[in-house]
K.L.:
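Starting off with a structure, shown below.
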2 protein chains.
Amino acid sequence: MFKSYTIKDIAKALGLSTSTVSRALNGSYEIGAETKKLVLEYAEKVNYRPNPIALSLKEQRSRSIGVVVCEVANNYFSQAINGIESIAYSSGYHVIITQTHESAAREAANVQHLLSRHVDGLLIALSAETTDTSEFKFLHSKGVPIVFFDRIAEGIDTHRITVNNFKAAFEATEQLIIAGFSKIANISSTPNLLNTRERFEGYRAALQKHGLTLLPEFVKYCYQGGMVVGEVEHALQELMSLPEKPDAIIATNDRITTTCLPILKKMGFSIPSDVALTGFTNSEVAESFAPPLTVVRQPAFMMGQLATETLIKAIESKHPLYESISQQFDTQLIIRDSSLKS
Amino acid sequence: MFKSYTIKDIAKALGLSTSTVSRALNGSYEIGAETKKLVLEYAEKVNYRPNPIALSLKEQRSRSIGVVVCEVANNYFSQAINGIESIAYSSGYHVIITQTHESAAREAANVQHLLSRHVDGLLIALSAETTDTSEFKFLHSKGVPIVFFDRIAEGIDTHRITVNNFKAAFEATEQLIIAGFSKIANISSTPNLLNTRERFEGYRAALQKHGLTLLPEFVKYCYQGGMVVGEVEHALQELMSLPEKPDAIIATNDRITTTCLPILKKMGFSIPSDVALTGFTNSEVAESFAPPLTVVRQPAFMMGQLATETLIKAIESKHPLYESISQQFDTQLIIRDSSLKS
DNA sequence: TTGAAAGCGCTAACAG
DNA sequence: CTGTTAGCGCTTTCAA
């Protein structure tokens with residue numbers, strides 16, 4: 001298919017050597033102005049594009065970055081990828097996206113795949129199933145540039161882009177309390193993930209500040225991060241068949257939040273009169289829900305951008321960046337009817 | 001960073017030539033069982049991975065496919081990408097995703113970028129702004145494998161994966177009519193896109209079948225595909241300030257549909273009593289809307305899968321596939337409150 | 001200022 | 001059965 005011009009073609013056409021053409025194209029100083037102009041004009045004419053594969057082989061870099069997320073079809077991640085793509089593109093990098101579907105095995109395979117593709121760096125949000133991060137530790141120690149975002153690998157001193165999860169959950173929980181709810185349940189992704197635990201701590205702290213006791217039966221985990229609807233359904237069933245039902249629920253991840261609402265309604269509860277609901281989600285349409293949903297929104301696009309900037313900086317610095325960059329964004333709590341006493 | 005083992009390393013370590021190692025690794029028949037075992041074991045031990053960049057250079061193919069869509073953060077496309085990724089991954093291809101943000105210039109740049117990256121084929125859903133498809137025609141004539149999905153380039157005999165847009169819009173419109181609405185407006189993406197026009201024709205045909213006249217002032221286009229909220233807002237404002245307002249609206253693309261609902265509510269209209277709403281969207285949460293939204297849903301995941309299978313088949317067939325494959329899926333009309341007389 | 005040659009990792013035609 | 005060699009496209013010493 002579609003053979004493009006090579007340096008050799010140009011050299012032949014112009015009766016020069018490939019090295020001369022190469023130098024002309026790269027604006028080397030050791031080149032005659034005459035020759036240079038000749039080459040550039042011809043290259044322009046035939047629409048010459050250097051072969052990035054050959055360049056990669058030569059330079060031992062691929063100008064591509066690998067992205068590992070659970071799913072693209074997720075409000076948070078699709079927005080983050082949008083940010084990643086915007087920066088990568090304008091910096092001349094390609095983005096190779098892989099999905100784990102929350103499987104640790106798939107994650108490991110993806111990382112291997114990307115590495116074997118010689119990506120120059122990795123942008124990772126851990127899968128829900130991941131507990132063993134030794135491979136990442138190993139790669140990091142070998143100097144592979146890695147930036148974690150949203151879902152961080154603990155115990156590794158890498159760059160990390162996150163939000164203030166504690167504060168986010170604290171504020172959301174406190175808002176429920178202030179609105180008059182006192183029996184607040186927490187439904188989360190797996191506690192494997194640091195962000196789940198941090199959000200849980202925020203929840204706990206808000207209860208404590210307001211003198212509410214944390215009931216263990218009010219804390220539910222979805223070990224597959226809400227990818228499987230049945231998991232969320234099960235958690236909600238348990239919660240809502242308690243002798244002492246919660247009067248409010250806080251859901252701490254995107255997928256879980258958007259599935260909680262229809263399930264609760266299907267179970268016959270009305271929101272917020274039977275049970276209030278607040279959730280972490282980047283859904284653009286939470287306002288259109290019945291009832292309009294109170295959400296914790298993360299600056300996904302900016303997080304994707306910053307993660308990528310950080311990664312590219314790490315890739316392009318000749319000397320590995322020994323100090324890791326950690327950047328924490330604030331979230332936005334958007335209060336709507338679902339978390340207000342009706 | 002992270003130097004991996006090469007064939008040369010293995011050859012040196014084992015005192016063989018690189019070609020012998022290569023043959024052993026590739027299971028060539030002309031190789032001693034002894035040597036082969038030796039090489040394979042050693043390769044296994046040091047976790048040898050062939051360098052795909054070198055392979056690409058050699059084979060003149062990159063084992064990657066380029067995807068061009070308007071935005072990842074779009075229900076339909078993120079689901080389609082999910083399907084694309086699933087097939088590509090299991091066939092050993094990488095997926096490089098680019099976004100046009102509905103700009104024709106950006107689209108052209110992306111295609112160039114992907115081509116210069118020597119992707120083996122292209123999966124494309126046109127941008128809303130695209131009118132000139134001569135570049136695609138050119139590429140196609142040069143034998144570049146291309147599959148269009150959802151948003152097709154007309155006048156090029158390429159593979160295309162679509163839905164039956166006419167039927168989808170016809171059914172959705174007819175449902176509104178049967179439900180008792182008679183002043184039905186149509187709000188679409190740009191008529192540049194074939195699918196917009198086909199959906200419009202379905203709308204028109206349904207009106208005609210039921211003896212309703214099509215009012216030109218009831219047909220609105222969003223030339224940026226609904227990416228800009230103001231555009232949708234403007235269309236709705238014009239529609240709803242007509243002396244004779246529509247009593248129902250059909251929105252024929254994902255982005256437009258999900259923005260119509262909050263805008264209409266903000267304008268003070270209640271749905272469906274003031275105006276009914278039906279829309280094309282793959283949103284997972286349309287059921288949770290207030291009111292639950294009637295939608296036309298496309299089999300996005302399957303479309304992504306089939307588009308990718310088709311593309312890979314085209315890439316891997318030695319002789320170009322002269323007959324183009326066109327596959328048309330049916331959509332699903334999910335009727336909810338938003339399109340029923342209250 | 002330009003050219004020849006080597007090398008990035010790999011495969012394959014050609015010898016032996 | 002195995003080794004030598006050339007070449008994919010490009011950059012970069014080293015010579016001239």
Side-chain angles (χ1 to χ4, degrees), chain A residues 1-40 42-43 46-64 92 113 115-120 318, chain B residues 1-40 42-43 46-64 92 113 115-120 318:
Chain A
M1 93 165 202
F2 197 68
K3 160 102 180 65
S4 40
Y5 273 81
T6 69
I7 262 185
K8 213 164 156 184
D9 297 326
I10 300 183
K12 201 179 299 170
L14 263 39
L16 294 168
S17 76
T18 57
S19 31
T20 304
V21 174
S22 169
R23 276 189 281 254
L25 255 15
N26 293 303
S28 166
Y29 57 96
E30 40 170 358
I31 187 98
E34 194 71 346
T35 326
K36 188 169 175 180
K37 184 159 159 264
L38 196 66
V39 171
L40 288 180
Y42 187 78
V46 300
N47 191 30
Y48 167 77
R49 295 272 171 268
N51 182 330
I53 299 175
L55 274 174
S56 292
L57 187 60
K58 180 75 190 164
E59 296 178 8
Q60 300 290 46
R61 69 200 306 253
S62 61
R63 285 209 158 265
S64 63
H113 195 182
L115 251 26
S116 82
R117 278 272 167 179
H118 286 231
V119 294
D120 296 333
K318 318 114 244 316
Chain B
M1 88 162 205
F2 195 68
K3 160 102 179 68
S4 39
Y5 273 80
T6 69
I7 262 186
K8 212 165 157 185
D9 297 326
I10 301 184
K12 201 180 298 169
L14 263 40
L16 293 167
S17 76
T18 57
S19 35
T20 305
V21 175
S22 169
R23 276 189 281 253
L25 256 17
N26 293 304
S28 166
Y29 59 97
E30 42 170 357
I31 186 94
E34 194 70 347
T35 328
K36 187 168 175 179
K37 188 161 154 260
L38 194 68
V39 171
L40 287 180
Y42 187 79
V46 301
N47 190 30
Y48 168 78
R49 295 272 171 271
N51 182 330
I53 297 174
L55 275 174
S56 292
L57 186 60
K58 179 77 191 162
E59 297 178 7
Q60 299 291 47
R61 67 199 305 255
S62 61
R63 284 210 160 265
S64 64
H113 196 182
L115 252 24
S116 82
R117 278 270 167 182
H118 287 231
V119 293
D120 296 332
K318 321 110 243 318

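Chain letters run A, B, ... following the sequence lines, proteins first, then strands; residues in each count from 1.
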K.L.:
With sequence neighbours left out, write down each residue that passes side-chain hydrogen bond (donor to acceptor under 3.5 Å, both in side chains) with B/Ser22, or none if nothing qualifies.
P.N.:
B/Asn26
K.L.:
According to side-chain hydrogen bond (donor to acceptor under 3.5 Å, both in side chains), who are the partners of B/Arg117, at least two apart in sequence or on a separate chain?
P.N.:
A/His94
K.L.:
I'd like to know if the side chain of A/Ser56 reaches the main chain of A/Arg61, judged simply by a donor and an acceptor atom lying under 3.5 Å from each other, with no hydrogens or angles considered.
P.N.:
yes
K.L.:
Does a side chain donor of either B/Asn47 or B/Arg49 reach within less than 3.5 Å of an acceptor in the other side chain?
P.N.:
yes
K.L.:
In whole Å, I'd like the distance from the CG atom of A/Leu57 to the C1' atom of C/dC10.
P.N.:
9 Å
K.L.:
Any idea which heavy atoms bring A/Ala24 and A/Leu40 closest together, and the distance?
P.N.:
O-CD2, 4.0 Å
K.L.:
Checking the side chain of B/Ser62 only, and the main-chain atoms of B/His118 only, is there a donor and an acceptor separated by less than 3.5 Å?
P.N.:
yes
K.L.:
Could I get the full list of side-chain hydrogen bond (donor to acceptor under 3.5 Å, both in side chains) partners for B/Thr20, not counting sequence neighbours?
P.N.:
B/Ser17
K.L.:
Quick one: B/Glu59 CD to C/dA13 P, roughly how many Å, whole number?
P.N.:
13 Å
K.L.:
With a cut-off of less than 4.0 Å, is there a side-chain N or O of A/Tyr48 near OP1 or OP2 of D/dC10?
P.N.:
yes
K.L.:
Using a 4.0 Å heavy-atom cut-off, does B/Leu55 contact any base of the nucleic acid, only the sugar-phosphate backbone, or nothing at all?
P.N.:
sugar-phosphate
K.L.:
When the distance from CD1 of A/Ile7 to P of C/dT2 is rounded to whole Å, what number comes out?
P.N.:
15 Å
K.L.:
Could you tell me the separation between the NZ atom of A/Lys36 and the P atom of C/dT2, rounded to a whole number of Å?
P.N.:
11 Å
K.L.:
Counting only side-chain N and O atoms of A/Ser22, is one of them less than 4.0 Å from OP1 or OP2 of D/dT11?
P.N.:
yes
K.L.:
Taking the minimum atom-to-atom distance to the side chain of B/Lys8, which one of C/dC8, C/dC10, D/dC10 wins?
P.N.:
C/dC8
K.L.:
Expressed in angstrom and rounded to an integer, what is the separation of B/Ile10 atom CD1 from C/dT11 atom C1'?
P.N.:
15 Å
K.L.:
For nucleotides 4-6 of chain D, which of its nitrogen or oxygen atoms have a protein nitrogen or oxygen under 3.5 Å away, and what is each distance?
P.N.:
| from | atom 1 | to | atom 2 | distance (Å) |
| --- | --- | --- | --- | --- |
| D/dT4 | O4 | B/Ser19 | OG | 3.1 |

K.L.:
Looking at residues at least two apart in the chain, or sitting in another chain, which of them share a side chain to side chain contact (heavy atoms under 4.5 Å, CB included) with B/Lys8?
P.N.:
B/Thr6, B/Thr18
K.L.:
Five pairs per end, C1' atoms only: what is the angle between the end axes of the helix from C/dT1-D/dA16 to C/dG16-D/dC1, to 10 degrees?
P.N.:
60°
K.L.:
Using atom CG of A/Leu14 as one end and atom P of C/dG3 as the other, report the distance to the nearest whole Å.
P.N.:
10 Å
K.L.:
Could you tell me the separation between the CG atom of A/Leu25 and the P atom of D/dT11, rounded to a whole number of Å?
P.N.:
7 Å
K.L.:
Is the distance from OP1 or OP2 of D/dT11 to the nearest side-chain N or O of A/Asn26 less than 4.0 Å?
P.N.:
yes
K.L.:
When you check the phosphate oxygens OP1 and OP2 of D/dG9, does a side-chain N or O of B/Gln60 lie under 4.0 Å from one of them?
P.N.:
yes
K.L.:
Rounded to whole angstroms, how far apart are CD on B/Glu34 and C1' on D/dT2?
P.N.:
14 Å
